[in-house]
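First up is the structure itself, then whatever we jot down about it.
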Amino acid sequence: MSAGIRVGVHRVHGAVVDAQTRCAHWAGPLDVLAILFPCCGRWYPCHSCHEEHADHPARPWPARVREAQALLCGVCGETSSIDEYLAAGECARCRAGFNPNCLHHHLYFA
């Protein structure tokens with residue numbers, strides 16, 4: 001099991017392969033985003049990392065908490081709210097682009 005990495009003040013868990021939160025599952029140029037999972041309060045680069053390294057099933061963020069600072073930019077180390085992420089598809093702080101074709105939003109956000 002990977003011990004993860006530190007990005008800013010946050011520890012990102014899972015199969016992380018670089019300092020910008022890319023992981024063994026998703027390592028493209030725009031895969032620079034970690035997600036805070038509400039079930040455990042831990043940051044992971046993707047749902048597969050959570051599935052492989054957590055001892056419980058993941059659950060998505062409920063729609064009523066879109067203000068939660070649940071996205072971590074691997075480029076600048078700052079967080080964004082779910083609303084900011086869903087509206088822009090890029091970091092609200094440094095404007096680094098995130099993967100616009102993510103097929104897994106339904107696994108992260110209800």
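Computed from heavy atoms alone, side chains included, the values below leave out hydrogens, waters and symmetry copies.
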Which atom pair, heavy atoms only, marks the closest approach of [X] to [Y]?
X	Y	result
H10	W43	ND1-NE1, 3.2 Å
L33	T21	N-OG1, 3.1 Å
C73	A96	SG-CB, 4.2 Å
H13	V16	O-CG2, 3.8 Å
C49	C23	SG-CB, 3.7 Å
G77	L72	O-CD1, 3.4 Å

Is a side-chain N or O of [X] found less than 3.5 angstrom from the main chain of [Y], in a donor-acceptor match?
X	Y	value
R95	E90	no
Y108	H47	yes
W61	L36	yes

| task | List in chain and number order the residues that pass side-chain contact (heavy atoms from CB on, under 4.5 Å) with R66, two or more places apart in sequence or in another chain; answer none if no residue qualifies. | result |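 So R66 forms a side-chain contact (heavy atoms from CB on, under 4.5 Å) with A63, I82, D83, L86, F109.
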| request: Begin from the C-alpha positions of E52 and H25 and carry the test side-chain contact (heavy atoms from CB on, under 4.5 Å) through to its verdict. | output: CA-CA 11 Å; E52 292 172 1; H25 311 102; 2.9 Å; yes
| message | For residues V12 and W26: do they belong to one hydrophobic cluster (side chain heavy atoms under 4.5 Å, members Ile, Leu, Val, Met, Phe, Trp, Tyr)? | response |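 In one cluster: no.
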| request: Could you tell me the separation between the CD1 atom of I35 and the CG atom of L71, rounded to the nearest 0.5 Å? | output: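 I35 atom CD1 to L71 atom CG measures 6.0 Å (nearest 0.5 Å).
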| query | What pairs with R93 under salt bridge (Lys or Arg N to Asp or Glu O under 4.0 Å), at least two apart in sequence or on another chain? | reply |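 For R93, the residues satisfying salt bridge (Lys or Arg N to Asp or Glu O under 4.0 Å) (neighbours in sequence not counted) are E84.
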| said: Under a 3.5 Å threshold, yes or no: a donor from one side chain and an acceptor from the other, between Y85 and H105? | reply: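 Looking only at side-chain atoms, H105 and Y85 do form a donor-acceptor pair, the distance falling under 3.5 Å.
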| When the ring planes of H56 and H50 are compared, do they come out parallel, tilted or perpendicular, using 30° and 60° as the limits? |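 Perpendicular: the ring planes of H56 and H50 meet at over 60°.
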| Side chain to side chain, D31 and P45, heavy atoms closer than 4.5 Å |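 They are not in side-chain contact.
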